[in-house]
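Both ligands and their constituent atoms are indexed starting at 1 by order of listing. Throughout, numbering of the chain's residues begins at 1 and tracks the sequence.
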Amino acid sequence: MTQDSSRSEYEIDLDRVESLEWLESLDYVLQTSGPGRVRQLIAQLQAHARGKGVRLPFAENTPYINTIPPDQQPPYPGSDELEHRIRNIIRWNAMAMVVRANTADKSLGGHIATYASVCNLYEVGFNHFFRGPGDGYDGDQIFFQPHSSPGIYARAYIEGRFNEQHLDNFRRELRPGGGLSSYPHPWLMPDFWVFPTASMGLSAIMSIYQARFNRYLEDRGLKQSNDRKVWAFLGDGETDEPEALGAITLAAREKLDNLVFVVNCNLQRLDGPVRGNGKIIQELEAAFHGAGWNVIKVIWGSGWDPLLARDDEGLLVKRMGEIVDGQYQKYTVSDGKYQRDHFFGVHPKLVEMSRLLTDEHVRTIIRGGHDQEKVYAAYKAAVEHEGAPTVILAKTIKGYGLGEWGEGKNTAHQQKMIDEEGLRHLRTELGIPLSDDEVREAPYFRPSVDSAEMEYIRERRETLGGYIPRRNVVNPGLPSAPPDEVFEEFKAGTNGREVSTTMVFTRMLSRLLREPDIGKLIVPIVPDEARTFGMEALFRQCGIYSHAGQLYEPVDIDTLLYYKEAQDGQILEEGITEAGSLSSFVAAGTAYSTHGVNTIPFFIFYSMFGLQRVGDLIWAAAEMRTRGFLLGGTAGRTTLNGEGLQHQDGQSHLLADPVPNLRTYDPAYAYELATIIKDGIRRMYVDQEELFYYITVQNENYAMPPMPEGVEEGILKGLYRLSSRNGSSAKAHLFGSGSIINESLKAQEMLAEDYGVDADVWSVTSYKQLRRDAMDAERWNLLHPSEAPRVPYISSCLEDTGGVYVMASDYVRALPDSIARWVPGPVVSLGTDGFGRSDSRPALRNFFEMDARFITLGTLNALARKGDLSPDVPERAMRKLEIDPEKANPLDV
Ligand SMILES: Cc1ncc(C[n+]2csc(CCOP(=O)(O)OP(=O)(O)O)c2C)c(N)n1
Ligand SMILES: [Mg+2]
């Protein structure tokens with residue numbers, strides 16, 4: 001809105017006397033009958049007006065003022081003065097650690113402005129709300145804004161949890177004694193950080209599903225309810241990430257009143273304003289309101305209260321509401337006169353109102369997020385609110401207090417150095433007792449142990465359950481892995497009956513769910529794909545979790561496998577949200593530490609929509625030391641044959657490769673899957689290894705053979721000889737994985753029958769495991785040049801073999817290529833590089849050139865080039881196998 005048009009609106013007053021009469025009546029009703037009656041009357045008025053044809057605007061927004069009026073503000077329970085001093089000391093140290101780190105090495109980075117803006121929002125929490133663990137309470141779960149980490153470290157320093165060396169090693173984690181990680185990283189600081197938040201947007205969705213999972217544990221009787229709160233501190237810029245707002249309707253639908261979002265609305269992100277031409281607080285209010293949240297706006301500091309109290313015509317509120325964020329940012333860096341002229345100057349009555357204030361007063365009136373009383377009122381209302389989650393939209397200033405060294409500037413985010421003059425300015429502003437000389441080095445400052453500040457901090461945290469953040473793992477793990485009987489049937493084979501590995505998995509899951517001790521700990525998670533994977537029998541067997549139970553008679557109640565929702569249901573049927581499901585997976589897979597409960601999540605999804613779609617959440621799961629099984633269903637670019645290029649996954653195993661603690665497997669047979677899952681449960685839940693699993697399962701049916709003797713180690717390490725034709729004299733070795741093993745077996749027959757070539761078939765359950773093991777051996781050998789070299793597992797398997805090695809999988813050829821250098825002969829890799837498409841499996845395997853015919857051709861070709869076969873054999877084979885040398889390259893079409 002331009003100033004001129006806004007000005008003209010100020011002159012509109014339809015009938016002032018009439019308006020006042022209505023308002024007085026409303027005041028009377030409020031006084032005599034309370035707010036409930038006021039709401040009732042307004043609802044009736046609205047309905048009445050609509051009935052008379054009056055079109056009312058749809059308004060999810062309330063005026064641009066604090067939601068909690070001053071007369072409903074509770075008294076502040078803390079010491080204003082001490083808390084003010086404590087905040088200043090922490091802010092000084094937070095700034096000092098970034099400045100010192102960058103004085104030593106300019107490349108280290110770090111952020112000052114974010115913490116400066118959020119400091120008060122945290123400190124009110126630390127002093128009055130955030131509860132640590134103890135007395136049957138597990139402690140609040142807090143997601144901190146990643147770039148505010150210096151402030152959290154600075155507080156821990158004052159609390160005596162860190163010393164100067166720790167702070168000096170901020171972002172210097174490789175220094176002796178370790179350092180402090182740039183952002184909250186539980187992998188790097190496992191005793192401190194609980195939630196990794198550095199990838200923006202993930203905190204929001206993870207916190208929602210965390211709060212929901214806390215309820216799940218209670219509803220299922222795995223945990224006692226103790227009103228544990230989940231707090232997520234988000235940046236206003238961060239809310240643009242789809243994951244940030246993407247799950248807010250779920251939080252309201254599930255009535256998660258154990259969840260509080262605090263959005264630090266400093267109106268800026270990295271490059272500039274979040275909504276220069278709009279108002280982020282109003283935009284978020286509408287979104288959260290519409291989703292069903294309790295919204296509390298904390299916009300103005302107490303200094304505005306007297307003015308607002310005089311604003312009986314609503315002119316001030318109107319003016320506050322029409323200024324856009326870009327302009328508010330400008331006020332931050334302007335003097336009082338500019339603000340007075342620009343803000344109040346539009347209307348004589350506002351000008352008159354502003355006369356109550358000096359220019360200096362105008363300039364220094366604080367925003368709500370920096371006013372502890374306003375923030376306290378909001379937090380108290382939030383934790384007491386029942387029936388819905390709460391979002392607090394707190395207006396702050398980026399770089400608050402940094403003055404010309406960053407406050408409110410577009411460059412504030414990246415401010416990491418402050419010159420000597422700036423340090424002196426801040427020292428004075430923050431009241432830090434350092435001389436001009438001392439200040440030069442930006443030293444840390446900690447008050448003496450018996451000072452009032454230190455006493456206060458200690459007393460507050462003791463009352464609230466101790467120092468946080470703190471990551472605890474006191475869980476002893478499971479006493480033993482599930483008994484062998486659970487897996488026996490899968491090792492016996494299917495006696496010729498054709499099934500898929502997906503069906504095998506579903507049966508195994510159902511079997512595990514029935515196990516007396518472990519069954520209740522299993523958390524099956526599906527994103528609206530249970531029927532795709534043939535898991536609908538589980539709906540009835542263990543129920544779909546719903547806090548509300550089942551409020552309707554399901555349409556299929558007459559069937560055996562009806563859609564059963566129950567408050568103690570075990571399945572998390574998340575609907576079409578892989579991100580949400582992954583967040584549940586993380587919550588369930590970290591419950592061993594966050595709740596002391598060994599829940600074992602099995603999250604099965606379309607493999608294409610896992611690592612590719614929500615890979616960043618999988619990375620977060622990895623760093624959070626999540627345990628559990630990710631099952632990539634309908635996997636394999638040609639095995640999932642009818643779905644086209646956005647469904648057919650030929651790369652998830654490659655994408656899984658870089659995740660350091662993710663073990664990946666592409667099993668072919670029931671007994672392989674059983675061996676992997678059994679070992680996985682033992683490793684993660686009995687031996688407590690910091691791992692999780694990615695296993696692909698397919699939907700191609702074939703007979704599952706019984707488990708051969710002595711293959712267990714090979715299955716787990718990634719490779720074993722499945723079928724040998726002629727012992728060690730075989731000329732070729734065919735490596736197959738997943739359902740492509742059948743193509744390798746077919747090729748073995750063709751080679752023997754038509755070309756007289758003996759080939760062994762090897763099942764490769766994991767290229768990643770093979771490579772990992774070989775890299776470990778190679779590294780050890782590099783560092784121990786004088787000692788006998790270690791032999792990688794793959795080399796020891798292939799030690800006495802010779803000939804050629806033809807490796808086929810339903811994934812890109814980079815997988816077999818990744819182990820080629822440890823193979824003692826020519827390697828031919830076949831795979832599914834390129835876009836998938838819909839057709840029959842044989843057509844697709846021909847298209848991608850990795851079926852039995854191509855495996856045969858690859859073998860003959862390699863043998864001919866090696867001189868073991870006559871050179872014309874491959875050409876003849878091509879004619880017989882009907883392979884067109886000019887066929888289209890699948891990578892190009
Ligand atoms: C997914 C992701 N994208 C980009 C970044 C880089 N980044 C870090 S902070 C930041 C700006 C944050 O702005 P805001 O959320 O408003 O937080 P503020 O610092 O203003 O409190 C950006 C773009 C990131 N950490 N994660
Ligand atoms: Mg911001």
Side-chain angles (χ1 to χ4, degrees), residues 91 94-95 98 108-123 125 143-152 171 181-185 193 195-207 231-246 261-276 278-284 287 298-299 324-326 328-329 332 367-370 375 391-402 406-416 579 582-583 613-621 623:
R91 278 174 49 192
M95 176 279 302
V98 176
L108 287 177
H111 301 83
I112 299 172
T114 299
Y115 182 68
S117 68
V118 74
C119 167
N120 185 55
L121 297 175
Y122 286 160
E123 281 302 301
F143 292 72
F144 292 99
Q145 257 193 286
H147 300 74
S148 68
S149 60
I152 307 298
R171 294 188 172 227
S181 59
S182 48
Y183 305 119
H185 290 307
W193 294 116
F195 299 108
T197 58
S199 182
M200 315 218 84
L202 302 191
S203 313
I205 192 164
M206 292 197 336
S207 65
W231 296 78
F233 286 83
L234 310 171
D236 48 358
E238 181 172 12
T239 60
D240 282 336
E241 289 286 359
E243 293 91 345
L245 301 193
F261 271 16
V262 181
V263 188
N264 172 20
C265 295
N266 55 27
L267 314 186
Q268 287 177 245
R269 42 183 159 80
L270 195 153
D271 283 340
V274 176
R275 292 288 182 275
K279 291 163 92 71
I280 187 64
I281 290 181
Q282 298 300 84
E283 188 179 321
L284 291 174
V298 183
I299 302 178
V324 293
D325 285 355
Y328 276 117
Q329 193 189 340
T332 303
R367 291 184 183 173
H370 300 299
V375 172
V391 59
I392 293 165
L393 303 170
K395 186 163 169 165
T396 61
I397 289 176
K398 193 144 181 169
Y400 182 58
L402 293 180
E407 182 171 279
K409 293 193 172 169
N410 279 336
T411 51
H413 189 84
Q414 281 164 313
Q415 185 77 35
K416 55 184 180 169
L582 222 313
S583 302
R613 170 114 192 184
V614 284
D616 199 21
L617 272 161
I618 293 178
W619 188 257
E623 102 137 274

Fill in: Atom indices of ligand 1, in the order listed, that fall short of 4.0 Å to a heavy atom of Lys398
18 (P), 19 (O), 20 (O)

Worksheet item: Is the backbone N or O of Asn266 less than 3.5 Å from a side-chain atom of Arg367, with the two atoms forming a donor-acceptor pair by type?
Response: no

Worksheet entry | Lys395/Asp236 ion pair, N-O < 4.0 Å | no

Discussion item. Counting non-hydrogen protein atoms only, what is the nearest one to atom 15 (O) of ligand 1? Give residue, atom name and distance.
Written reply: Glu238 N, 2.9 Å

Item to complete: Output yes when the distance from some N or O of ligand 1 to some N or O of Ser199 is under 3.5 Å, and no in every other case.
Response: no

Worksheet entry | Minimal non-hydrogen separation, Ala394 against Gly369, with atom names | CB-CA, 4.2 Å

Item to complete: Mark up the atoms of ligand 1 that fall under 4.0 Å of a heavy atom belonging to Asn264, in ascending order.
Response: 21 (O)

Worksheet entry | Under 3.5 Å: N/O of Arg269 near N/O of ligand 1 | no

Practice prompt. Decide yes or no for Val391 and Leu284: does some side-chain heavy atom of the first lie under 4.5 Å from some side-chain heavy atom of the second?
Written response: no

Fill in: ligand 1 contact on Gln268 by region, counting heavy-atom pairs under 4.0 Å
backbone

Worksheet item: Parallel, tilted or perpendicular for His111 and Tyr183, by the 30°/60° rule?
Response: tilted

Discussion item. List ligand 1 atoms under 4.0 Å from Thr114, heavy atoms only on the residue side.
Written reply: 18 (P), 19 (O), 21 (O)

Worksheet item: In the protein, which heavy atom is nearest to atom 4 (C) of ligand 1, and how far is it?
Response: Met200 CG, 4.4 Å

Worksheet item: In the protein, what heavy atom is nearest to atom 17 (O) of ligand 1, and what distance, to one decimal place, separates them?
Response: Gln145 NE2, 3.4 Å

Item to complete: May I ask you to check whether Glu623 and His185 show a side-chain donor-acceptor distance below 3.5 Å?
Response: yes

Discussion item. Heavy-atom contact check, 4.0 Å cutoff: does Glu241 meet ligand 1?
Written reply: yes

Practice prompt. Verify whether one side chain among Glu238 and Asn264 offers a donor that lies under 3.5 Å from an acceptor in the other.
Written response: no

Worksheet item: Quick one: which ligand 1 atoms are inside 4.0 Å of a heavy atom on Gly237?
Response: 14 (P), 15 (O), 16 (O)

Item to complete: Quick one: look up the protein heavy atom nearest atom 9 (S) of ligand 1 and list residue, atom name and how far away it is.
Response: His147 CE1, 3.0 Å

Worksheet item: Within 4.0 Å of atom 6 (C) of ligand 1 (strictly less), any protein heavy atom?
Response: no

Discussion item. At a threshold of 2.8 Å, where the distance has to be below it, does the Mg ion (ligand 2) have an N, O or S atom of Asn266 nearby?
Written reply: yes

Worksheet item: What are the two closest non-hydrogen atoms of Ser148 and Tyr122, and how far apart are they?
Response: OG-OH, 2.7 Å

Item to complete: Please confirm whether the backbone N or O of Ser182 pairs with a side-chain atom of Ser149, one donor and one acceptor, at under 3.5 Å?
Response: yes

Response to the item:
Taking the Mg ion (ligand 2) as the apex, OD1 on Asp236 and O on Gln268 give an angle, to 10°, of 100°

Practice prompt. For His370 and Ile397, indicate whether the former's side chain and the latter's backbone hold a donor-acceptor pair under 3.5 Å.
Written response: yes

Practice prompt. Fit a plane to each ring of Phe144 and Phe233, take the angle between them on a 0 to 90° scale, and name the class: parallel (under 30°), tilted (30 to 60°) or perpendicular (over 60°).
Written response: parallel

Practice prompt. Kindly identify the option in Gly235, Ala198, Ala113 whose heavy atom sits closest to atom 25 (N) of ligand 1.
Written response: Ala198

Worksheet entry | Asp236, Val263, Leu270: member with heavy atom nearest to atom 23 (C) of ligand 1 | Leu270

